[in-house]
2 protein chains.
Amino acid sequence: MNKFAKASKTLHHAPRTSGVERQASLINAAASLFATNGFTGTTTKQIAKAAGVSEALLFKHFPTKRALYTAILTEKAHYSGLREAVEEAAAKREDKRFFTLLASYRIRKGADPTLFRLLLFSALEGHEMSDIFFRQQYRVFHDLLAGYIRQRIDEGAYRSVDPLLAARAFFGIIVHHRLLHDIFGLPMHRTHEATVEEYVSLFLGGLVRQSSQP
Amino acid sequence: MNKFAKASKTLHHAPRTSGVERQASLINAAASLFATNGFTGTTTKQIAKAAGVSEALLFKHFPTKRALYTAILTEKAHYSGLREAVEEAAAKREDKRFFTLLASYRIRKGADPTLFRLLLFSALEGHEMSDIFFRQQYRVFHDLLAGYIRQRIDEGAYRSVDPLLAARAFFGIIVHHRLLHDIFGLPMHRTHEATVEEYVSLFLGGLVRQSSQP
DNA sequence: CGTGAGTGAGTAAGCACTCACTCACGTTAG
DNA sequence: CTAACGTGAGTGAGTGCTTACTCACTCACG
């Protein structure tokens, strides 16, 4: 990581980068291009150019274009530490906070659509890593959500719905929002926060007015 | 349509097909391939083979591969006559039927995922016809739904929610269901009818139990 | 001076697309 | 009734270009 100090010795010729750094920069460049143009829509020439190296070097690091794609999906499959915060809200039975956390993790200012696009492309194009990528990015929260709903039904707090379908419904609202705005390019019509609040309120409270006058 | 009678005259050489028929068979073959592999993932050779003609003939009908893709999106942009049935339910204020109709139009036995896949691919790959295709396939019902919800809010039947967001939430549940099953290949865990009913009930009634005991 | 980062110049296969051509068939001139 | 003809369906064999991938090679650095 202290390569820069050494690099100053040789000014005229480019300083050499370590293998892991180069690999990372190739993965980043490729991920962005694959997310934009898909697997078949991206050429190894484009990737090499974006990473600032020759195509030959790309193939020194990854034996095939497909292997590079696989490496990206494997690397990007890791998720951030949202789970802990969500589980805390779940333990305290803070329903609104629980759902708001889940929703605003995906609906927020400056959320990067790269992962979402990669996920969709990999599923549509039928890449072999698609399943694993899907499971890691998606299934984790899906199961967490379904488990919480089941628990709250058992406690009598929620209506007796199908927990799996309810979880999918909530995810549907969120995922669809991203589909509309990140993929189809629809403009936002409310702020992220107001949108999340409305979605959560709708999901928890439903649409039909509960008769307060009998 | 009586080409086959004439065909019996000449056995050794293939009977000729009219231009419009050939065009239609090319569009069908191409639509299926584009839906499966995307635009860049499909070759003109594959399309020609699937339609049973030479590549040269394909280019007699469509000047470029892109023109063929555009022709498909234009043709497939038309939707069936669901709107009338939905508007009838809306006029009668049959809430449950209204939402069930909309949902079961997309969630039903043997629903063809081709259109959905084409829509997703065209949006992801950024084709110029994507917008029009999206509008025709999607926006129509979206606006219809938002309009109905707004009306029912004015009549005091629904809670005072944002009609646009509510419409998107409902569509989200449905679209996400198709995403999971048609694109990600998740198995169904209930019947189509039971699933639709649960989704509609969830959307209309919400998740949280309404306190019947004060 | 050995190791490994890095590349220019390939290669064979595949790509979208073209061209010169054949042939089926309905129309029409003799 | 037939023969010549025009039109349009249909194709085999290309075209130039791009693709994923390779190889022989250079050179920076510990």
Side-chain angles (χ1 to χ4, degrees), chain A residues 1-27 29-30 33-34 37-72 125 127-128, chain B residues 1-27 29-30 33-34 37-72 125 127-128:
Chain A
M1 311 304 177
N2 54 351
K3 299 271 157 188
F4 304 104
K6 293 175 184 177
S8 60
K9 277 192 204 171
T10 59
L11 284 171
H12 10 72
H13 277 125
R16 286 161 38 122
T17 314
S18 81
V20 279
E21 281 176 67
R22 192 88 307 158
Q23 204 146 329
S25 84
L26 276 166
I27 282 184
L33 284 164
F34 282 139
N37 309 112
F39 180 75
T40 48
T42 305
T43 67
T44 52
K45 197 175 188 175
Q46 283 178 289
I47 297 167
K49 194 179 176 185
V53 295
S54 66
E55 266 188 281
L57 187 60
L58 187 158
F59 285 100
K60 282 264 160 61
H61 285 282
F62 304 95
T64 61
K65 181 187 172 189
R66 187 152 281 271
L68 170 57
Y69 192 56
T70 303
I72 289 168
E125 291 178 329
H127 191 269
E128 68 262 21
Chain B
M1 310 304 176
N2 53 350
K3 299 273 158 190
F4 305 103
K6 294 176 185 176
S8 60
K9 278 192 205 169
T10 60
L11 284 170
H12 10 72
H13 278 123
R16 287 161 40 124
T17 315
S18 82
V20 279
E21 280 178 67
R22 191 80 320 148
Q23 205 146 331
S25 86
L26 276 166
I27 283 184
L33 284 164
F34 282 140
N37 309 113
F39 181 75
T40 48
T42 304
T43 67
T44 51
K45 199 176 186 174
Q46 284 179 288
I47 298 167
K49 194 179 175 186
V53 295
S54 66
E55 264 188 282
L57 187 59
L58 188 157
F59 285 100
K60 281 262 158 65
H61 285 282
F62 304 95
T64 61
K65 181 188 172 188
R66 188 153 280 270
L68 170 57
Y69 192 56
T70 303
I72 290 168
E125 291 178 328
H127 190 270
E128 69 262 21

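Naming convention: chains lettered A, B, ... in sequence-line order (proteins, then strands); numbering from 1 in each chain. As the structure is a prediction and not an experimental result, all values here were calculated from the model.
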Chemist: Which part of the nucleic acid, if any, lies within reach of T42(B) when heavy atoms closer than 4.0 Å are counted: base, sugar-phosphate only, or nothing?
Modeler: sugar-phosphate
Chemist: Counting the atoms with a prime plus P, OP1 and OP2 as sugar-phosphate, which does S54(A) contact under 4.0 Å by heavy atoms, base, sugar-phosphate, or nothing?
Modeler: base
Chemist: Side-chain N or O of T44(B) versus OP1/OP2 of dA16(C): is the shortest distance under 4.0 Å?
Modeler: yes
Chemist: Out of dA16(C), dT11(D), dT19(D), which nucleotide sits closest to the side chain of K45(A)?
Modeler: dT19(D)
Chemist: Find the distance L68(B):CG to dC17(C):P and express it as a whole number of Å.
Modeler: 10 Å
Chemist: How many whole angstroms separate atom CD of Q23(A) from atom C1' of dG6(C)?
Modeler: 15 Å
Chemist: Which whole-number value in Å describes the distance from F59(B) CZ to dC15(C) P?
Modeler: 12 Å
Chemist: Are OP1 or OP2 of dG6(C) and a side-chain N or O of R22(A) less than 4.0 angstrom apart?
Modeler: yes
Chemist: Please determine, for dG30(C), whether a Watson-Crick or G-U wobble partner exists with both distances under 3.5 Å, and give it or none.
Modeler: dC1(D)
Chemist: Report the base-pairing partner of dC27(D) (Watson-Crick or G-U wobble, both distances below 3.5 angstrom), or none.
Modeler: dG4(C)
Chemist: Without decimals, in angstroms, what is the distance between R66(B) CZ and dC15(C) P?
Modeler: 17 Å
Chemist: Where the side chain of A56(B) is defined as all heavy atoms beyond and including C-beta, which of dG12(D), dG6(C), dT7(C) is the nearest nucleotide?
Modeler: dG12(D)
Chemist: Over how many whole Å does the gap from L57(A) atom CG to dC21(D) atom P extend?
Modeler: 15 Å
Chemist: Kindly say whether, by distance alone, the side chain of K60(A) makes a donor-acceptor pair under 3.5 Å with the base of dG6(C)?
Modeler: yes
Chemist: In whole Å, what is the span from the CG atom of L58(A) to the P atom of dC21(D)?
Modeler: 9 Å
Chemist: F34(B) vs Y69(B) aromatic rings, parallel, tilted or perpendicular, using cut-offs 30° and 60°?
Modeler: perpendicular
Chemist: Mind calculating the distance between CD (E55(A)) and P (dT22(D)) to the nearest angstrom?
Modeler: 12 Å
Chemist: I'd like to know if E55(A) and K49(A) make a salt bridge, using a cut-off of under 4.0 Å between side-chain N and carboxylate O.
Modeler: no
Chemist: Pick out which of I72(A), I27(A), T70(A) makes a side chain to side chain contact (heavy atoms under 4.5 Å, CB included) with F62(A).
Modeler: I27(A)
Chemist: Within this structure, what is the CG-to-C1' distance between N37(A) and dT19(D), rounded to whole angstrom?
Modeler: 15 Å
